[in-house]
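Shown next, in structure tokens, is the structure this report addresses.
Naming convention: chains lettered A, B, ... in sequence-line order (proteins, then strands); numbering from 1 in each chain.
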Amino acid sequence: MVRRVERIEGWLFDAYTEPEGVRVWVLSPDGKHHHFLDPWRPGLKMAGTPSQLGDARIALGKTNATLRWTTGTDLYSGTEIEVLEARVPARAHKGVVEKLKATGLSLYDADIHPVQAYHYERGHFPTARCAFEVDAATGHLLDWQLRDDPWALDYALPALKTMRLALSGSETAGKIDPNHAPRGRLVMGFSGVEHELEGPLEDQLETLALRLREWDPDLILTEWGDSWLMPQLELWSEKYKVPLPLSRDAGRGVVGGGGRSFYTYGRTVYQMGVRYLSGRWHIDARNSFMHKESGLHGLLEVARIARIPVQRAARSTIGTSLTSMQMHRAFLDGVLIPMDKQQAEDFRPATELLIADKGGLVYEPETGWHEEVVEYDFTSMYPTLMVEWNISPETVNCPCCPENKVPEIGHHLCTRRKGLVPKVLAPILTKRAAYKKLAKSISPKAAVFKARADAHKWILVCCFGYLGFKNARFGKIESHECVTACGREVLLRAKEAAENRGFKMLHALVDSLWLQGGPGVDYEALRRAIEKESGVPLATEGVYKWIRFCPSRMEPGSGVPAKYFGALQDGTLKVRGLALRRRDTPDLLKRLQNEMLARLSRADSLAACERLAPALLRLTDAARARLEDGRVDACDLAITMHVSKTPDEYRGNSPQAIAAKTLASRGLSLRRGETLRFVIASAKDPVKEWRVTPLALLEGPLEFDERKYAQLLERAAWEILEGLMPEPAKPEKKRPRRNAPEALLLPLIYADGLSSGSA
DNA sequence: AAAGTACGGGG
DNA sequence: GTGTACGTACTTT
């Protein structure tokens, strides 16, 4: 019998598991889509005593597993061990792993996301250009070739037919989670045209269903699709008996579940539920960190290099992407992937821990306004150090290289085996550098390259935190300490290099330093000298026309790290630590500070700044006048916060506690980590419920505490004006004065604090 | 003065 | 991908 073979050429678009394998969707260059089943089975590996393996065989008995003996490398020891590999049908995999856990065996490769594992094994990745051969009779995959490279800089992507779904209508719609706010109308967009859906809900659903069939979009890009829109559409669809073909795979509707709260890195975050489609992508712009930060191009870049399906990559934290890249590297190297992070921290006496557990080096800034200051930054310092020093969980304190010591702390690093983390990071550093260059070119794709460079930036920023993250699969605190120790060494050398040449260091912060320059200084020669003596690539961030290092509010005599603002010679503003950088600052204040700084950025000297000061003060007065006339809207005044507790857990009467409780009393109970927005209505009102108004409950004329907001405006203005002009006399409070230390050490643990999408 | 609560980070 | 960072700044009591 002759087998009829269908050849499909195009971009690998979507992949998800079905009971008997992986369903793969392909978009071909002619705009058509195809799908087939790859009867692939996920695997897992185990090692243990003969009796444990006997138990395993029993546990696997009814699952139709295929078994074979093979070998793999243990990550930490580097030795090769014998393991029994089992392949089971996709539907049975999870249950099998649970059963095997109980046998006490060491399990490997057992909890990799199945589609990621599938990509690793097949050698392809989301949006990879491939050629597939499919048995036309069964629809099963026979063979495939990869015609793409995840490390290629310029690659072709399919033209995606995109449908947009969002809400419009009421004043606050789109700005707050519709779960806790008045909802606007449904807006549907396609190829640049937006339609507001009208009429009875039933008709709206019919229209949507019609458009979905007619347009057949590849991507549905929503706002609040995960938490509200998609679940709501599903409910309506059922209620009004209007089937909505949201997924292309008619057999699968919308997949996904509810959200959850968890605590990580000192704050509670709420992770929205997710709504995945099959054969079509759903991306919720309000629930995708990557999409928000670097757009669709950045997101696709991450999906490609991390080999994570696009819809999942959109909602993943960067830690997930990093882990996936590490697991892929391990797969390629034949390294066994441990199930959970189980490597305990090595025992060390308490004194040693104290020395080793310091973070990045920070010097207290010289507060005040300065002119002619140069800022140098070590580019991607931590990832560079990891690559150059070979810092990885399995290379730190290896048995073979005790002489290769890390400065200052007792650890040493392997010189014989290249670490997994450096292997993963090296190509990312290279690719990012190339994209940064391309982003500055005149190429019509410069913006695309910029988005990809930004995506890489985030991966590099997070890789350090992830190295020390207790729960990271490939994390180990000792390797984290090596990185910070090397970083301190580099910054110290830089400081000495600068000071030996007679330059005063005004501030230094982990991987940046600010030096007092002056007329005639050759900043490029200075940069080269510091770079040479510190041993890590150094870039000139710029020369400031003026910069202000702000004093501490609590201790007006001392400076605080990372609270400064200044204008570079090209007019670029750099701002850290001011109210405008905080999420909880009302837009009204952010706008005022932004306006003031925009004007100041045009001043070429301190004297020019001082001349501008009165005009800046008038801006403040104008803002106050608008406040008095009521020419402000609720969104300008709203304070946005993430609640860390459920309403009943709040003990105090802080504004956020009152707002959360008021919302709860109207049946809108926020979960931990969710976003709360409220206006201060009457700050000191004896009736607590009247003090603040949640944005979601606003109705009628806007009531706000004019005096309170005027006070806030004042404070925001003086954050910038202080030192430029005499401040109006205020009742001065006596404050204790503490001795400022010369150098501070800042523990830096910013793993993935900014998670996927707590909006 | 103390307790409670939230934020930042990189470019 | 699920852990109690640390320092600053603000609020209420």
Side-chain angles (χ1 to χ4, degrees), chain A residues 111-113 260-269 271 293-294 312 315-324 340-341 357-360 362 377 379-383 432 436 439 450 453-454 456-462 464-466 468-473 475 480 509-512 539 541-542 550-555 558-563 572 574-579 581-585 639-645 649-658 660 673 676 680 683-684 688 691-692 708 711-712 715 719 736 744-756:
Chain A
D111 58 350
I112 309 171
H113 187 276
R260 65 191 185 118
S261 303
F262 60 91
Y263 188 90
T264 180
Y265 287 97
R267 85 183 171 113
T268 308
V269 292
Q271 199 168 52
E293 287 298 323
S294 60
R312 183 172 143 84
R315 293 155 178 91
S316 295
T317 63
I318 296 153
T320 309
S321 312
L322 259 171
T323 305
S324 181
D340 295 307
K341 211 269 172 173
D357 203 23
K358 293 183 294 194
V362 176
D377 296 342
T379 32
S380 304
M381 179 163 86
Y382 284 166
R432 169 149 200 259
K436 271 176 81 173
K450 169 81 168 63
D454 283 348
H456 284 271
K457 172 195 71 194
W458 277 109
I459 294 169
L460 293 174
V461 166
C462 286
F464 157 72
Y466 222 60
F469 182 29
K470 277 211 189 101
N471 273 20
R473 207 183 286 247
H480 188 272
L509 188 67
V510 188
D511 57 359
S512 313
E541 174 74 3
C550 310
S552 159
R553 260 220 157 79
M554 301 304 207
E555 312 270 353
S558 51
V560 266
K563 185 165 181 178
T572 311
K574 270 199 85 167
V575 184
R576 291 292 179 274
L578 294 190
R581 294 284 297 197
R582 294 174 63 102
R583 250 191 335 219
D584 56 354
T585 303
I639 293 171
T640 308
M641 279 183 176
H642 293 301
V643 289
S644 65
K645 302 179 192 316
E649 286 169 333
Y650 277 106
R651 277 182 284 174
N653 287 307
S654 58
Q656 64 269 33
I658 296 170
L676 170 67
I680 302 177
K684 302 275 180 194
K688 296 191 168 75
R691 291 184 189 171
V692 295
K708 179 71 187 175
Q711 227 174 54
L712 292 175
R715 193 194 291 161
E719 212 172 21
L744 310 161
L745 287 163
L746 177 74
L748 279 184
I749 309 179
Y750 41 81
D752 223 334
L754 303 160
S755 75
S756 62

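- The side chain of A:Ser552 places an N or O atom within less than 4.0 Å of a non-bridging phosphate oxygen (OP1 or OP2) of C:dA9.
- Here C:dA9 presents its C1' atom at 14 Å from CD1 of A:Ile639, a figure rounded to the nearest Å.
- Rounded to whole Å, the distance from CD on A:Gln656 to P on C:dC10 is 14 Å.
- At B:dA6, none of the side-chain N or O atoms of A:Arg583 fall inside 4.0 Å of OP1 or OP2 (strictly under the cut-off).
- When Watson-Crick and G-U wobble pairs are counted only if both distances are under 3.5 Å, C:dT4 pairs with no nucleotide at all.
- Between A:Lys688 and A:Arg715, the residue whose closest nucleotide on DNA chain C is further toward the 5' end is A:Arg715.
- Listed pair A:Ser654 / B:dG4 fails the phosphate criterion, with no side-chain N or O lying under 4.0 Å from OP1 or OP2.
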Residue pair A:Thr317, A:Thr320: steps toward the side chain to side chain donor-acceptor pair (under 3.5 Å) verdict: CA-CA 5 Å; A:Thr317 63; A:Thr320 309; 3.2 Å; yes
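- The NE2-C1' distance, from A:His642 to B:dA6, rounds to 10 Å in whole Å.
- Between the P atom of C:dC10 and the CE atom of A:Met641 lies a distance of 12 Å, rounded to the nearest Å.
- Distances shown here put every side-chain N or O of A:Tyr650 at or beyond 4.0 Å from the OP1 or OP2 atom of C:dT12.
- Between C:dG1, C:dT13, B:dA6, one nucleotide has an atom nearer to the side chain of A:Asp111 than all others, and that is C:dG1.
- Atom CD1 of A:Ile658 is separated from atom P of C:dT13 by 7 Å (rounded to the nearest Å).
- Candidate nucleotides C:dT13, B:dG9, B:dT5 were compared by shortest atom distance to the side chain of A:Arg691, and C:dT13 ranks first.
- Remark: A:Arg651 is in phosphate contact with B:dG4, judged by side-chain N or O atoms under 4.0 Å from OP1 or OP2.
- Listed candidates were C:dT13, C:dG1, C:dT8. Nearest to the side chain of A:Met554 is C:dT8.
- Taking side-chain N and O atoms only, A:Thr320 has a distance below 4.0 Å to OP1 or OP2 of C:dG1.
- Side-chain proximity of A:Pro655 to the nucleotides C:dT8, C:dT12, B:dG11 is greatest for C:dT12.
- Base engagement by A:Glu293 is indicated by at least one non-hydrogen atom pair under 4.0 Å involving a base atom.
- For A:Lys574, no side-chain nitrogen or oxygen approaches OP1 or OP2 of B:dG11 to under 4.0 Å.
- Looking only at distances, no side-chain donor or acceptor of A:Arg576 sits under 3.5 Å from a matching main-chain atom of A:Lys563.
- Contact check, A:Asn653 against C:dT13: a side-chain N or O comes under 4.0 Å of OP1 or OP2.
- A close approach under 4.0 Å does not occur between any side-chain nitrogen or oxygen of A:Lys684 and OP1 or OP2 of C:dT11.
- Here C:dC6 presents its P atom at 22 Å from NZ of A:Lys563, a figure rounded to the nearest Å.
- Under 4.0 angstrom from either OP1 or OP2 of C:dG1 there lies at least one side-chain N or O belonging to A:Arg312.
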